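Quick notes on the structure that follows.
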There are 2 protein chains.
Amino acid sequence: MKPKITLKDIAKELDVSISTVSKALKNSPEISKDTKDKIKAFAKFYNYRPNNIALSLKNKRTKNIGVVIPDIVHHFFTTVFRGIEKYANQKGYNVIVCISDESFDKEVINMEMLANGSIDGFILSLSAETQLKNDFTHLRELIGQGIPVVLFDRVTSEIDCDKVILNDKEIAFEATQHFINSGASKIALVTTENYFNVSEYRRDGYLSALSKNNIAVDDNLILTLPYNMENDSLIRDFFKRHKIDAVLCVNEIFAVQCMNIIKELGFEVPDDISIIAFTNGMLSKYSHPSLSTVAQHGDIMGERAAQMLIRRMESLEEEEPFKTEIINATLIKRGSTIN
Amino acid sequence: MKPKITLKDIAKELDVSISTVSKALKNSPEISKDTKDKIKAFAKFYNYRPNNIALSLKNKRTKNIGVVIPDIVHHFFTTVFRGIEKYANQKGYNVIVCISDESFDKEVINMEMLANGSIDGFILSLSAETQLKNDFTHLRELIGQGIPVVLFDRVTSEIDCDKVILNDKEIAFEATQHFINSGASKIALVTTENYFNVSEYRRDGYLSALSKNNIAVDDNLILTLPYNMENDSLIRDFFKRHKIDAVLCVNEIFAVQCMNIIKELGFEVPDDISIIAFTNGMLSKYSHPSLSTVAQHGDIMGERAAQMLIRRMESLEEEEPFKTEIINATLIKRGSTIN
DNA sequence: TTGTATGCGTTATCAA
DNA sequence: TTGATAACGCATACAA
């Protein structure tokens, strides 16, 4: 087939200068109609397209966005990514994805690799290890170099940049209140280690709903599960040992694990125990009964993050103050709660 | 903080030429130790990193791989992507992802956008629409331009390139045979429209297992569901109308939908009806009972695809013949079958 | 041992 | 109306 063709090739073939070709293809009024027609026809025939790399070098902008996420198998990140990709594509940007795999080193290495000219800006959600170490020098350096960064979901107050987060505390409050309204008082929380700031906010919401309703907090009703481990026996113990009316889970995997064990122990969902899960994914939708969930609207988060990033990258006035956008989660009531 | 620095900046600052700096940083023996030390120290202090874009332009290779997939929320594609990303990263490549969203146009546009210098090669799985239209001119053009392409899973024989596929027919045969071995004879197949070539292969495997065991094919036991629709009522009708012992589903969503309805109709899984699902994802793992599945080993497919692509991109001898690698699926026996 | 010139593909400025 | 030149950041063949 036709090989890739450059301005130079066209110029040589048509016996004009490179700059004439360039101008003609940009429809510059400097060039005569005849010449333009000739050049355009030739370019069209050989399917000329300007080389992105050369443009990037010249313009000092790549039209690439770097996205760094801890994980892609989890429904939430998947949907955020989809939101980013969709919006970015509409705006003519491409998306380079790196998976940090919850590792600090991978996060740092990937970002440094991309920061050397490959991308114009970053969208990222902090890895577990980064949150644990509380070390953000890599982010500070990138921002110091003038690379715009947008953090989403797993953010940190240590870094001053644009952010998109969920109203975690409020929605956890709302979910807990929903349990209480339907008569529950022994309400459990199944959560992750605390260095995930989102888990902390959710716990706050849970706690404040209890206290608002004058329900004493029972620390035994808070189950902290290790991330990504086989934890069925912990869960089984938990539900055997304590009388529980309702459970709020910080993700849907915990929730289905809990539900399966609850049923196995002979309890009915939602009659004996109600469940609400964060993340409105496939697991929740297709479980039996289907799970009531907190919809995090990942698509919207992604879209907003991309929007904020692109706006900042394209804005000329440097010193717009950083914003934090809050996405409002919504409670989706399905089969695992009494509504 | 320190701003991004270039060779030129270093040269000016240290009052040497750009090429001296370039050579020094590459540890060239041409340059005296003193000069090298001085330059290296300076570069290190200012955290000099060569600009990827400039390197790409010079070397005519970007170290970027373009990945085009129909969808990212589906577990299979997610795992394939993870495999690609992991391997590519190890080899120093970045991954630019585009989601075709099952649309022919998006597939074409995205690929053309990336093909203008942004990437060195493609890994893709055909969109539904592309398979339906059977139009592959965009692929032919890219390949004609010398851009290497690796197809995975949803491939086509129309295009001559490297491919990675699953042994769909064989594993569908094996799954069906497993049903038969455990005493089933009224075996159903729940599948998608036929223009998905993988569905066709799976159907072939299913049919040949039946005929091998002298079980008459009953077309009424094959349910073709539209992709991505609310199809509960179709499924309910299907299981009401026909006496069925076992169901093979071409994806796990269909499988959990079937299972939920089967249970709702008062049947027991696996005692009354056994189920096997393609895709060993979260849904299968956490359903109740957990689903027996065909593990497609997406990670491995992704890794192999990346490996084939990178090998081809880096190989000097142009004319190595194209290969098709076949990944062997494995049957994972869990709670939805009698084992 | 160091520096100059050239080129990768493009655009913009200025000259003809 | 067209063309020559410089520049983006880097690497390298060649000259000094």
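Quick note on labels: first sequence line is chain A, next is B, and so on, each numbered from 1. What you see is a predicted model; the values in this text were computed from it and never measured.
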Inset, instruction - Indicate, with a heavy-atom threshold strictly under 4.0 Å, whether A:Thr35 touches base, sugar-phosphate, or nothing. - result: sugar-phosphate

Legend entry - Sugar-phosphate, base or nothing in reach of A:Leu57, heavy atoms under 4.0 Å: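 Since a base atom lies under 4.0 Å of A:Leu57, the category is base.
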
Inset, instruction - First locate atom NZ of B:Lys63, then atom CD1 of B:Ile310, and finally report the distance between them rounded to the nearest 0.5 Å. - result: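 Answer for the NZ-CD1 pair, B:Lys63 versus B:Ile310, is 7.5 Å.
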
So, is [X] near the phosphate of [N], with a side-chain N or O under 4.0 Å from OP1 or OP2?
{"X": "B:Lys8", "N": "D:dC8", "result": "yes"}
{"X": "B:Lys23", "N": "D:dC10", "result": "no"}
{"X": "B:Ser22", "N": "D:dT12", "result": "no"}
{"X": "B:Tyr48", "N": "D:dC10", "result": "yes"}
{"X": "A:Lys58", "N": "D:dG9", "result": "no"}
{"X": "A:Ser17", "N": "D:dG3", "result": "yes"}
{"X": "A:Thr20", "N": "D:dG3", "result": "yes"}

Legend entry - A:Asp153 and A:Ser125: side chain donor to acceptor below 3.5 Å: no

Inset, instruction - Please state how far atom CZ in A:Arg61 lies from atom P in D:dG9, giving the value in whole angstrom units. - result: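 For the pair A:Arg61 CZ and D:dG9 P, the rounded distance is 16 Å.
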
Inset, instruction - Flag yes if more than 12 heavy atoms outside B:Lys40 fall under 6.0 Å of its NZ atom; otherwise flag no. - result: yes

Legend entry - Side-chain donor/acceptor of B:Ser19 to base of C:dT4, under 3.5 Å: yes

